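Each remark here refers to the structure printed beneath this line.
We name chains A, B, ... by the order of the sequence lines, and we start the count at 1 in each one. Everything numeric here is computed off the predicted structure, so don't read it as measured data.
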2 protein chains.
Amino acid sequence: MKLPGSTEWLLHCATSLAQLEPGETASAAQLAEYYDLPAPYLAKQLQALVRSGLLSATTGPRGGFRLARAASEITLLQIVEAVDGAQSPYECREIRQQGRGALPPEECRRICVLAARMADAHRAWRKSLAGVSLADVLAELPEGAPARTRSLLTAITPQRR
Amino acid sequence: MKLPGSTEWLLHCATSLAQLEPGETASAAQLAEYYDLPAPYLAKQLQALVRSGLLSATTGPRGGFRLARAASEITLLQIVEAVDGAQSPYECREIRQQGRGALPPEECRRICVLAARMADAHRAWRKSLAGVSLADVLAELPEGAPARTRSLLTAITPQRR
DNA sequence: GATATTGCGGATCTATTTAGTCCGAGATAT
DNA sequence: ATATCTCGGACTAAATAGATCCGCAATATC
């Protein structure tokens, strides 16, 4: 059970975008250099957030990414599931109905007890992440952090390297 | 984020073993045929539970696996982590300290806010699974289930197929 | 209106993990 | 004592995720 390594990238990128002024954007190349990440791969991952409606992207010179809605309306769960999908890590393949010990269909009308408990755990995980928005994260950063992020991020010029 | 398919196998196998009489055992071959699973591969996975101290194995003719302690003292979390490991699905690689936007070390004494929230979610997941024991699972099965499981499972003779 | 910059999607290649198989060491009932 | 049955770990193949590259469409700037 492992989340893609890009999950960390996108959580941090989204946090950075949340610190920009309204209307301001940051390109994939800027974000990549800001965090020292492989630019092409990061760009591909950012697209997943756009497809999920969390970010909006503008093309052309001085284009880039911005949040598609207020930071308080974007949760960590939405970002994680945009990257990794929303499926539960435990997949019930109904082995209780296979083999010599197969249960009769009438006993399988209810969900398997084990699958139910695993689903409970997944629900607890999702609830925890759904309770944290990007605005909550920003509130925990030190005083001058947004200004610092903005100036460092937007100062990265294209064509470097 | 995906758990191995064998997680389901082992949860069900442990549940079956919990239904045996004290001292009774079931071999990997019996369990495999009971659930129609590839026997050698299942045997390999069962060893992980032995290494974790959840099952005890006896070799020789009429040997096999049994629970290493009472069903009420074995939780779903212990089984899942024996199969998949206990590590969190989210791994913080401290990208906040890399690249042009790297934070100064004095601001990184505390854990990254995002890593802390992801750890909270993992803790909620573990707590949910740790709250369910094999005895709890057995309590939800229909009336005659243990007797049925015992008779079907132990009736499987070696050398078949 | 030409150009450079940027996001977007597809095709491709590699590496890691997972799935599955095999054979040998050890223990026990006969 | 022996033959058989068991676990245990080493080994091989398939699947999945990670990562990269290239061409296309769109837009602000010159």
**ring pair (Phe, Tyr, Trp, His ring centres under 6.0 Å) contacts touching residues 42-89 of chain B (sequence neighbours left out)** =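 Listed by first then second residue: nothing to list.
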Short heteroatom pairs, N/O only, protein and nucleotides 8-18 of chain C, under 3.5 Å:
unit_1 : atom_1 : unit_2  : atom_2 : d
C:dG9  : OP2    : A:Arg51 : NH1    : 3.4

**Message:** Can you work out whether A:Ala39 or B:Gly63 has the more 5'-proximal nearest nucleotide on DNA chain D?
**Reply:**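 The 5'-side residue here is B:Gly63.
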I need the [atom1]-[atom2] distance between [X] and [N], as an integer number of Å.
X       : N      : atom1 : atom2 : value
B:Leu37 : C:dA19 : CG    : C1'   : 13 Å
B:Glu33 : D:dT6  : CD    : P     : 12 Å
A:Leu31 : C:dT6  : CG    : C1'   : 13 Å
A:Arg66 : C:dG7  : CZ    : C1'   : 13 Å
B:Leu3  : D:dT16 : CG    : P     : 16 Å
A:Leu49 : C:dG7  : CG    : P     : 13 Å
B:Leu42 : D:dG8  : CG    : C1'   : 14 Å

Quick one: does [X]'s side chain have a donor or acceptor within less than 3.5 Å of a partner on [Y]'s backbone?
X        : Y        : value
A:Asp84  : B:Met1   : yes
B:Thr149 : B:Ala145 : yes
A:Thr7   : A:Pro4   : yes
B:Arg96  : B:Ala102 : no

**Criterion side chain to side chain donor-acceptor pair (under 3.5 Å) on B:Gln30 and B:Tyr34, from CA distance to verdict** = CA-CA 6 Å; B:Gln30 287 176 320; B:Tyr34 186 83; over 6 Å; no
**Prompt:** In degrees, rounded to 10°, what is the bend between the two ends of the helix from C:dG1-D:dC30 to C:dT30-D:dA1, using five pairs at each?
**Reply:**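 Helix axis angle between the two ends: 10°.
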**Request:** Return the set of residues passing ring pair (Phe, Tyr, Trp, His ring centres under 6.0 Å) with A:Tyr90 (not counting sequence neighbours), or none when no residue passes.
**Result:**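 By the ring pair (Phe, Tyr, Trp, His ring centres under 6.0 Å) rule, A:Tyr90 matches no residue at all.
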**Item:** With sequence neighbours excluded, residues passing side chain to side chain contact (heavy atoms under 4.5 Å, CB included) with A:Arg69
**Value:**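 So A:Arg69 forms a side chain to side chain contact (heavy atoms under 4.5 Å, CB included) with A:Leu54, A:Glu73, A:Ile74, A:Gln78.
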**Asked** For A:Ala28, which contact category applies under a 4.0 Å heavy-atom criterion: base, sugar-phosphate, or nothing?
**Response**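 Here A:Ala28 touches the backbone only, sparing every base.
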**Prompt:** Does a donor on one side chain sit under 3.5 Å from an acceptor on the other, for A:Tyr35 and A:Ser16?
**Reply:**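 There is such a pair (donor and acceptor under 3.5 Å, judged by atom type) between the side chains of A:Tyr35 and A:Ser16.
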**Item:** Carboxylate-amine/guanidinium contact B:Glu24 B:Arg66, below 4.0 Å
**Value:**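 Salt bridge absent between B:Glu24 and B:Arg66.
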**Asked** What do the steps show when you test A:Leu77 against A:Trp125 for side chain to side chain contact (heavy atoms under 4.5 Å, CB included), and what is the final call?
**Response** CA-CA 9 Å; A:Leu77 179 65; A:Trp125 184 79; 4.3 Å; yes
N/O-N/O pairs, protein side and nucleotides 24-30 of chain D side, under 3.5 Å:
unit_1 : atom_1 : unit_2  : atom_2 : d
D:dA26 : N3     : A:Thr59 : OG1    : 3.3

